[in-house]
Amino acid sequence: MTETAPTETRRTLRVAVLGCGVVGTEVVRLLTTQSADLAARVGARLELVGVAVRDTSVDRDPVVDRALLTDDAEGLVERADVVVEVMGGIEPARTLLLRAIEHGAAVVTANKALLAEDGPTLYAAADAAGVDLYFEAAVAGAIPIVRPVRESLVGDRVQRVLGIVNGTTNYVLDKMSTEGLDLDAAVKEAQALGYAEADPTADVEGYDAAAKAAILASLAFHTRVSIDDVDREGITAITADDVVWAQRTGYAIKLLAIAERSGDGVQVRVHPALVPLDHPLAGVRGAYNAVFVEAEAAGELMFYGRGAGGAPTASAVLGDVVSVARHRVLGGKGPVESSYAALAVLPASAARTRYQVRVDVDDRPGVLATVAAVFASHDVSIEAMRQAPAPLGPDGVGFARLILTTHQASEESLAATVAAVADLDAVRRVISVLRVEGA
Ligand SMILES: NC(=O)C1=CN([C@@H]2O[C@H](COP(=O)(O)OP(=O)(O)OC[C@H]3O[C@@H](n4cnc5c(N)ncnc54)[C@H](O)[C@@H]3O)[C@@H](O)[C@H]2O)C=CC1
Ligand SMILES: N[C@@H](CC=O)C(=O)O
Ligand code: NA
């Protein structure tokens, strides 16, 4: 029996944390409170050498040792072996990570916005310097999804990735449906709970989910997809009425991210969709996320867990820190960018989906047939049509609410159908047009 610690644990690796907000604070907490276990797992002590902040005088969680705070992020990255970037935004995060890589540090980032905008620059720099670039926290918080797609499924051929990848919007839609909260009130709650981005517009307008979709698509299909390639629609147009009617008709509204092979290309989109209540995605509540991956040999896999929040995200960050630190101790290196497939990114209009159209019409004979005829003339096949009693219109005359669900149709045909339906005399208004997924 040896009386000294194994040789490796006498080694020290210097860790720098950039940003000390919701995630950074929890990263510092884990690094501090779990230091003995982390050292044993890595085979070296992880010494937190500094935490870069904008203002060192601000009051912070007591777990953050004030003596470690610095407003000199550039200086800090130059004296670290592992740099953890949890400040967010494009600049100065990109410059700092490139500086860290240049100095030979391994980097771990939760910054999906940066990766989806300019990941290839970082991948190339890390590859050239022979250092690791890890980013598990950037997609779906605590859920291990980057590593499974990047490593576990790398021998298979992924066909489709579909999921809920933004905790804030899932929380908001859930609160709108279960507690009748309006969008703004629910967003405020999500901010208070540490789920939202610094600017929550990134969440509600779908930018955050689009960034994650771009990252997942790039990894899954071995190609480059940037956030600009993602067809994006957020949840700001979803009303309380949409949520209520979704439930009445057997669906939940979810913001979905979908990336799929299509012919010789890939197609990546983010939009709200109706998901049947008996589908597993409909049961994903609060800030939880879930991602389905369909691969040729593996079949369908589902990954589920907390998609946002300080501690869950810090868990993913620390997993990466241990991985890159182990490479420092034991040798070896993580994967580099794999973009050999160089697939074309197709527009979302190329995708065919089912739709639900809600429309208020005059309640008189023949109207139903007239509306159905418009769908038929645009070659959009109706799968189901139901009529719900609706209150009196402003003119005191009764009207009927039609809920039409289509078979798969192209976005173009559907848009033309809806425009023609809206022009009919008997149609008072088209209330909503939503895609149906997962049925
Ligand atoms: N909050 C969450 O649930 C998740 C967040 N992320 C990502 O993690 C990163 C951090 O997110 P949060 O901690 O939620 O944000 P946050 O806004 O709470 O924290 C970021 C911190 O970095 C600081 N910062 C920004 N620029 C700086 C600079 N130039 N120098 C020093 N400090 C600077 C800010 O003052 C702030 O305290 C972002 O990239 C975000 O997208 C990823 C997964 C989940
Ligand atoms: N704002 C993001 C945080 C995690 O990535 C979200 O709500 O999912
Ligand atoms: Na993750």
Side-chain angles (χ1 to χ4, degrees), residues 16-28 50-56 58 60-61 64 69-77 84-97 108-117 134-150 163-173 186-187 190-212 215-216 219 235 255 257 286-291 303-320:
V17 175
L18 310 181
C20 193
V22 172
V23 179
T25 304
E26 296 312 311
V27 168
V28 170
V51 181
V53 294
R54 277 193 177 124
D55 182 352
T56 55
V58 167
R60 295 177 192 274
D61 187 297
V64 183
L69 297 178
T70 174
D71 55 12
D72 177 17
E74 284 199 25
L76 177 60
V77 300
V84 176
E85 186 270 306
V86 280
M87 59 172 47
I90 306 301
E91 287 295 351
R94 172 172 45 201
T95 301
L96 289 168
L97 287 182
V108 173
T109 178
N111 194 334
K112 52 268 167 140
L114 173 57
L115 291 168
E117 178 167 313
Y134 273 52
F135 47 92
E136 182 57 73
V139 183
I143 304 176
I145 183 68
V146 169
R147 195 174 272 104
V149 173
R150 203 185 190 196
I164 295 168
V165 294
N166 180 267
T168 300
T169 46
N170 203 58
Y171 180 88
V172 167
L173 291 168
V187 168
Q191 284 179 292
L193 291 163
Y195 303 149
E197 294 303 299
D199 175 0
T201 312
D203 297 292
V204 295
E205 295 291 3
Y207 291 101
D208 180 77
K212 291 163 177 168
I215 295 168
L216 282 180
L219 298 174
I235 63 163
L255 183 71
Y288 277 78
N289 285 185
V291 184
F303 300 84
Y304 173 80
R306 291 184 195 275
T313 307
S315 163
V317 169
L318 261 291
D320 282 354

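Both counts, for ligands and for their atoms, begin at 1 and track the order of listing.
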Around atom 18 (O) of ligand 1, find the nearest protein heavy atom and jot down its residue, atom name and distance.
V22 N, 2.9 Å
Among V291, V139, L115, which residue meets the side-chain contact (heavy atoms from CB on, under 4.5 Å) test with K212?
V139
For ligand 2, indicate whether the residue T313 contacts it via side chain, backbone, both or neither (heavy-atom separation under 4.0 Å).
neither
The expected count of protein N/O/S atoms at less than 3.0 Å from the Na ion (ligand 3) is 5
Say whether G167, considering both its backbone and side-chain N or O atoms, lies within less than 3.5 Å of an N or O atom on ligand 2.
yes
Over all heavy atoms of both residues, which pair between L76 and A52 is shortest? Give the atoms and the distance, please.
CD2-N, 3.7 Å
Of all heavy-atom pairs between A138 and I215, which one has the smallest distance, and what is that distance?
CB-CD1, 4.4 Å
For the residue pair T201 and D199, confirm or rule out a side-chain donor-acceptor distance under 3.5 Å.
yes
So, regarding V23 and ligand 1 (criterion: nitrogen or oxygen to nitrogen or oxygen, under 3.5 Å), is there a contact or not?
yes
Between E197 and K112, is the salt bridge (Lys or Arg N to Asp or Glu O under 4.0 Å) condition met? List the steps.
CA-CA 11 Å; E197 294 303 299; K112 52 268 167 140; 3.1 Å; yes
Close N or O approach (G194, ligand 1; < 3.5 Å):
yes
Tell me the closest heavy-atom pair linking C20 and T25, and the distance in Å.
O-OG1, 3.6 Å
Show which atoms of ligand 2 fall inside a sub-4.0 Å distance from at least one heavy-atom site of D203.
1 (N), 2 (C), 6 (C), 7 (O)
Closer than 4.0 Å: a protein non-hydrogen atom to atom 15 (O) of ligand 1:
no
Ligand 2 to K212, heavy atom cutoff 4.0 Å, flagged ligand atoms 2 (C), 4 (C), 5 (O), 6 (C), 8 (O)
Grab the two heavy atoms, one from V22 and one from G194, that are nearest each other, plus how far apart they are.
CG1-O, 3.7 Å
Close side-chain approach of L96 to E85, heavy-atom, < 4.5 Å:
no
If you count the atoms of ligand 2 from 1 in the order shown, which ones are under 4.0 Å from a heavy atom of A196?
1 (N)
Winner among D208, L193, V165, T168 once heavy atoms are compared against atom 7 (O) of ligand 2
T168
Just to be sure I read this right, does ligand 2 sit under 4.0 Å from the backbone of A202, its side chain, both, or neither, counting only heavy atoms?
neither
Just do the side chain to side chain contact (heavy atoms under 4.5 Å, CB included) check on V84 and V317 with the steps written out, would you?
CA-CA 8 Å; V84 176; V317 169; 3.6 Å; yes
Run L97 and L114 through side chain to side chain contact (heavy atoms under 4.5 Å, CB included) and show every step you take.
CA-CA 11 Å; L97 287 182; L114 173 57; 4.0 Å; yes
Y171: what forms a ring-ring contact (aromatic ring centres under 6.0 Å, His included) with it, not counting sequence neighbours?
Y195
Using heavy-atom distances, let me know which of T168, V86, N289 sits nearest atom 10 (C) of ligand 1.
V86
Heavy atom of the protein closest to atom 17 (O) of ligand 1 (residue, atom name, distance):
A198 CB, 4.2 Å
Which residue owns the protein heavy atom closest to atom 28 (C) of ligand 1, what's the atom, and how far is it?
M87 CE, 3.5 Å
Just which atoms of ligand 2 are under 4.0 Å from any heavy atom in K112?
2 (C), 3 (C), 4 (C), 5 (O)
Can you list, pair by pair, the side-chain donor-acceptor contacts under 3.5 Å of residues 304-313, counting residues two or more places apart and other chains?
residue	atom	partner	partner atom	Å
R306	NH2	Y288	OH	3.2
T313	OG1	G309	O	2.7

Taking a cutoff of less than 4.0 Å between a non-hydrogen atom of the residue and any ligand atom, is P92 in contact with ligand 1?
yes
Identify every side-chain donor-acceptor pair in residues 140-148 under 3.5 Å, counting partners at least two apart or on other chains, and give the distances.
residue	atom	partner	partner atom	Å
R147	NH2	D320	OD1	3.1
R147	NH2	S323	OG	3.0

Atom 33 (C) of ligand 1 - nearest protein heavy atom and its distance
R54 CG, 3.7 Å
Taking every heavy atom of A257 against every heavy atom of V165, the minimum-distance pair comes out as CB-CG2, 3.8 Å
Under 3.5 Å between some N or O of ligand 1 and some N or O of V53?
no
Judged by non-hydrogen atoms, does G309 sit under 4.0 Å from ligand 1?
yes
Atom 38 (C) of ligand 1 [closest protein heavy-atom partner, distance rounded to 0.1 Å]:
G88 CA, 3.7 Å
Heavy atoms of L255 and T169 approach each other most closely as CD2-OG1, 3.6 Å
Do any N/O atoms on G89 end up under 3.5 angstrom from N/O atoms on ligand 1?
no
Nearest non-hydrogen atom to atom 40 (C) of ligand 1 belongs to which of E197, E136, E26?
E197
Looking at ligand 2, would G307 count as a contact under a 4.0 Å heavy-atom criterion?
yes
So for A113 against ligand 1, with non-hydrogen atoms under 4.0 Å, the contacting part is neither
Can you list the ligand 2 atoms lying under 4.0 Å from a non-hydrogen atom of Y195?
1 (N), 2 (C), 3 (C), 6 (C), 7 (O)
What do you reckon, does K112 have a nitrogen or oxygen under 3.5 Å from a nitrogen or oxygen of ligand 1?
yes
Give the numbers and elements of all ligand 2 atoms closer than 4.0 Å to a heavy atom of E197.
1 (N), 2 (C), 3 (C)
